[in-house]
Every structure is written in C-alpha cells, then in structure tokens.
Amino acid sequence: MNAPVNLLSQDRHRLEDFFASIGEKPFRGRQVLRWIHQRGVTNFADMTDLARDLREKLQDVAEVRTPQVASSEIAADGTRKWLVQLADSNCIETVFIPEADRGTLCVSSQVGCALNCDFCATARQGYNRNLGSDEIIGQLAIATRELDAAPGVRAISNVVLMGMGEPLLNLDNVVPALSLMLDDLAWGLSWRRVTVSTAGIVPGMDELKQRCPVNLAVSLHAPDDALRDRLVPINRKYPIADLLAACRRFVADVPRKRVTFEYVMLDGVNDSPGQAQALASLLADVPSKVNLIPFNGFPGAPYRRSSQQAIDTFREILLQAGIMTVTRRPRGEDIAAACGQLAGQVIDRTQRSARWARVEGNL
Ligand code: SAH
C-alpha cells in the first residue's frame, strides 16, 4: 500500500485534485481545508460534515501530520520560541512576537541555511534540507494551538518568513504554504500581512512575484558590493545593482507597494554616516522602507552591536533623505529568539559547524 498522503501540505488546488483522484467531488477538498486550517482538526473521524464512508476512506489513504513541539520558552518581553521537532529528528525554531497592534509569527523555511552570512547564527549550523510545505504551514498550526492554550495572549495577525533558512531557495514548498496563509478557507491573511525575507536571490524574487506576490523584505546590510560580498556572500552572484533592479520589478505596477530593506547595525563595519548617505542614494529610486536591526550577538560572533548614537544618526540621515526608517527593537534576546539567533538542532550535512569550530577555535 502507498504511504498515506499528508493533507497538511496541500493547498486548495492540490486538495481538490487529491479528492478528484480518489473519486470524490472537489468541494470535499474545500471542506477538509477548513477543518484542518481553521479548526485545527487532524483526525478525519472528527470531520463531521463528511459522510462516514468518506471519513473511513480518508483514514486509509491520507493523514494530517503536524510537526511536534520539542520545547518552548517565553522571554521576559512575552516573545515565545518553540523548538520544533521534524520527523527526521532535525529541529527548527519558530518565534512569536506579540506587539500592541499585532502578533507576528516568524517562520523557518529550511533546516539550517546554506548562505553563510557572517553575522548570523543560523549559518553556523550548516545546511541540511528544505522544509516541506507541511512543515512550513505546520508552524502556524503549532503556534496557534499553543497560543490558544495561553489565556490573554493575542492571536497571530502577521507572518514573516524570517526564521531559519532562505525561503527563495525553497519556493516549490514555500509557495503552497503561502497560498494556504492567504486562502480565505484556510488562514485568510491579507498579502499585506505576509512577508518573505531574502538575502537577495534575484531569480527567486521574480518567481515569487509571479507565483505569489506577498510582501518582500531584502537583507541588504551594506551600501557597496565590496562590503556586501563579505557580509552576505550571495552578493558575489547577485550584486547590489541586480538586486535593486529586481526590487524595482517586484513593486512595479502595484500602487503603494514597497520593499522593506533590513540592515543589521554592526559596530564600525557598516554604520558610519558616510555609509548612511551611500545607502540613501542607492535607495533613492526604489520604493522602500528600511528596518535597522541592532546586531544580536551569539556565542563566538565576530561583531558587536552599533552604539545607540550611531544607530540614531544613521536613521536620521535616511529620514532626511525621505526614506521611511525604523529601528527594530530587539525581542526575545534572553531566549536567543531575536533576529539572527535562531539555531535549532540541525543535522549538519555541510559540516560547516565543524569547519567553523576548527577555524575559529570557537565551539
Ligand atoms: N535568509 C533570509 C531569511 C532570514 S531573515 C534573509 O536573509 O533575509 C533573518 C533576518 O535577520 C535577516 O535580515 C538577517 O540578515 C538578520 N540577521 C541575521 N543575523 C543577525 C544578527 N546576528 N543580528 C541581527 N539580525 C540578524
């Protein structure tokens, strides 16, 4: 017998096709979509508006399997982090950030990351594999279940693919998960509340626009190629001019749409007034806003956070140039849940963590 199909990974069209393939009407797919994603029901026996024989048939050929929570932590500021255990015993991390006007879930897209950005803890873990659509959307299911069980905590209103991994190197699994986030029969989020963050995979940006145009954030971090080559090595393949051209294409034809640029503030590296000016000129003709992210440390990190004064001056220069700029407040630092601190437990196929420990004498 074939292995059961995990229906958690299927977006509306795939679910309709699945029901057609077992000789059922496609609208059954829409009913099941609601049970899974709106009511969190994983047991077919509880899907009471399906006929009994269909429920029994589903038990034979399908399943709804979510990843498991291995552990969870709550920071002093209310940020929550879950270590999520996958079927192959890798673990990834998911973070919930409650704010006055929103609740943002930060979701991972890969086990580890292959891009090797110098200032990011995930890079040290090496890379193992892409997450499946079920493992991506499953992070929303887990977080919702956990938040529902915690009285007085606000619900998820926004999702950012800013956890572990590079989402645009996993589009075949990311896109069905995004379409479930947007589908009114599933999570029903407006595209304005769903953001994909990339280190700058140019072809992926064009493909995302075509397949599922949500919000785009780009991890820029440097105003010139020489520095960006060092901080974000994928820049050697897709340099800044190509990256910004792709950003302009991404927002073209969509009124009021902007790209968010993330810029991690590294003391004495990328935080001078001259670099702020250079950044302002670069972004002059890109509909943009800038998030300045004070660097978050991790054991053995080769950088320090910029001073508050350097961050304020940098921001002021961008604002003077007419660029909407906010400084992101670090959240969940005490539980290593802040940007760049997510490590999970990656079975490291790239051996990068071992290489790094040897080179740096660090771990
Ligand atoms: N690979 C994607 C998704 C990860 S998003 C991307 O690069 O955009 C994670 C964000 O946190 C990125 O903007 C990343 O550059 C930033 N970041 C990584 N390490 C950090 C650190 N130590 N301190 C602050 N921000 C960091």
Side-chain angles (χ1 to χ4, degrees), residues 79 81 92-95 97 104-127 130-131 136 139 158-171 173-174 177-178 194-202 204-205 208 214-222 227-228 230-235 237-238 243 246-247 250 259-267 269-271 288-306 311 314 326-333 336-344 346 356:
T79 300
K81 181 172 83 167
I92 49 143
E93 292 182 331
T94 307
V95 176
I97 306 146
T104 304
L105 192 71
C106 180
V107 167
S108 294
S109 60
Q110 297 182 314
V111 182
C113 188
L115 293 184
N116 208 15
C117 299
D118 212 19
F119 49 84
C120 179
T122 304
R124 307 291 189 216
Q125 304 299 305
Y127 171 76
N130 282 328
L131 291 184
I136 299 171
Q139 295 172 66
N158 295 59
V159 176
V160 294
L161 268 76
M162 289 187 190
M164 298 167 66
E166 170 48 53
L168 297 190
L169 292 178
N170 184 19
L171 272 173
N173 296 322
V174 163
L178 289 175
V194 178
T195 301
V196 170
S197 180
T198 180
I201 310 294
V202 165
M205 292 161 67
L208 180 68
V214 291
N215 276 320
L216 183 70
V218 171
S219 296
L220 191 57
H221 307 317
L227 180 58
R228 194 162 192 271
R230 186 150 67 82
L231 297 177
V232 186
I234 194 69
N235 193 67
K237 191 158 181 194
Y238 306 113
L243 178 58
C247 290
F250 195 86
V259 175
T260 300
F261 290 95
E262 296 158 279
Y263 195 100
V264 61
M265 297 298 291
L266 304 170
D267 182 34
V269 175
N270 66 353
D271 63 349
S288 52
K289 51 189 175 198
V290 172
N291 275 352
L292 300 179
I293 315 177
F295 172 69
N296 296 307
F298 51 89
Y303 298 102
R304 284 189 316 267
R305 179 180 291 182
S306 303
I311 297 175
F314 201 93
V326 297
T327 304
R328 196 181 282 170
R329 198 155 47 93
R331 298 291 305 262
E333 281 178 290
C339 300
Q341 293 184 318
L342 301 187
V346 178
W356 187 72

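All ligand and atom numbering here is 1-based and tracks the order in the structure. Note that the numbering runs from 1 along the sequence shown for the chain. All values derive from a computational prediction rather than experimental measurement.
Taking only non-hydrogen atoms, the option from S219, S109, C117 nearest to atom 13 (O) of ligand 1 is S219. Comparing S197, A199, G165, P294 against atom 1 (N) of ligand 1, the shortest heavy-atom distance belongs to G165.
The nearest heavy-atom contact from the protein to atom 9 (C) of ligand 1 is M162 O, 3.5 Å. Looking only at heavy atoms of the protein, atom 4 (C) of ligand 1 is closest to G163 O, 3.5 Å. Closest protein heavy atom to atom 19 (N) of ligand 1: G340 CA, 3.0 Å. Closest protein heavy atom to atom 10 (C) of ligand 1: E262 OE2, 3.8 Å. In terms of protein heavy-atom proximity, atom 21 (C) of ligand 1 is nearest to C339 O, 3.4 Å.
Ring geometry, F314 versus Y263: the interplanar angle falls from 30° to 60°, so the pair is classed tilted.
Atom numbering of ligand 1 starts at 1 in the shown order; those under 4.0 Å from a heavy atom of H221 are 13 (O), 14 (C), 15 (O). Here is the list of ligand 1 atoms found below 4.0 Å of a heavy atom in N296: 21 (C), 22 (N), 23 (N), 24 (C). Below 4.0 Å from some heavy atom of V264 lie the following atoms of ligand 1, by number and element: 23 (N), 24 (C), 25 (N). When each atom of ligand 1 is checked for a heavy atom of I293 under 4.0 Å away, the hits are 24 (C), 25 (N).
In this structure, the side chains of L208 and V196 come closer than 4.5 Å at one or more pairs of heavy atoms. The closest side-chain heavy-atom distance from R305 to P330 is below 4.5 Å. Side-chain contact between N173 and L131 is absent, with no heavy-atom pair separated by less than 4.5 Å.
Look at C113 and you'll find every heavy atom at least 4.0 Å from all atoms of ligand 1.
To the nearest 0.5 Å, atom OG1 of residue T79 and atom CD of residue E333 are 10.0 Å apart.
Screening residues 289-304 for salt bridge (Lys or Arg N to Asp or Glu O under 4.0 Å), with sequence neighbours left out, gives D267-R304.
When non-hydrogen atoms are compared, ligand 1 lies under 4.0 Å from the backbone of T198 (N, CA, C, O) but not from its side chain.
For the residue pair T198 / E166, a side-chain donor-acceptor distance below 3.5 Å is found, with atom types taken as modelled.
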Between L161 and S197, is a side chain to side chain contact (heavy atoms under 4.5 Å, CB included) present by the stated rule, with each step listed? CA-CA 6 Å; L161 268 76; S197 180; 5.8 Å; no

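For N291, the side-chain hydrogen bond (donor to acceptor under 3.5 Å, both in side chains) test picks out no residue, with sequence neighbours left out.
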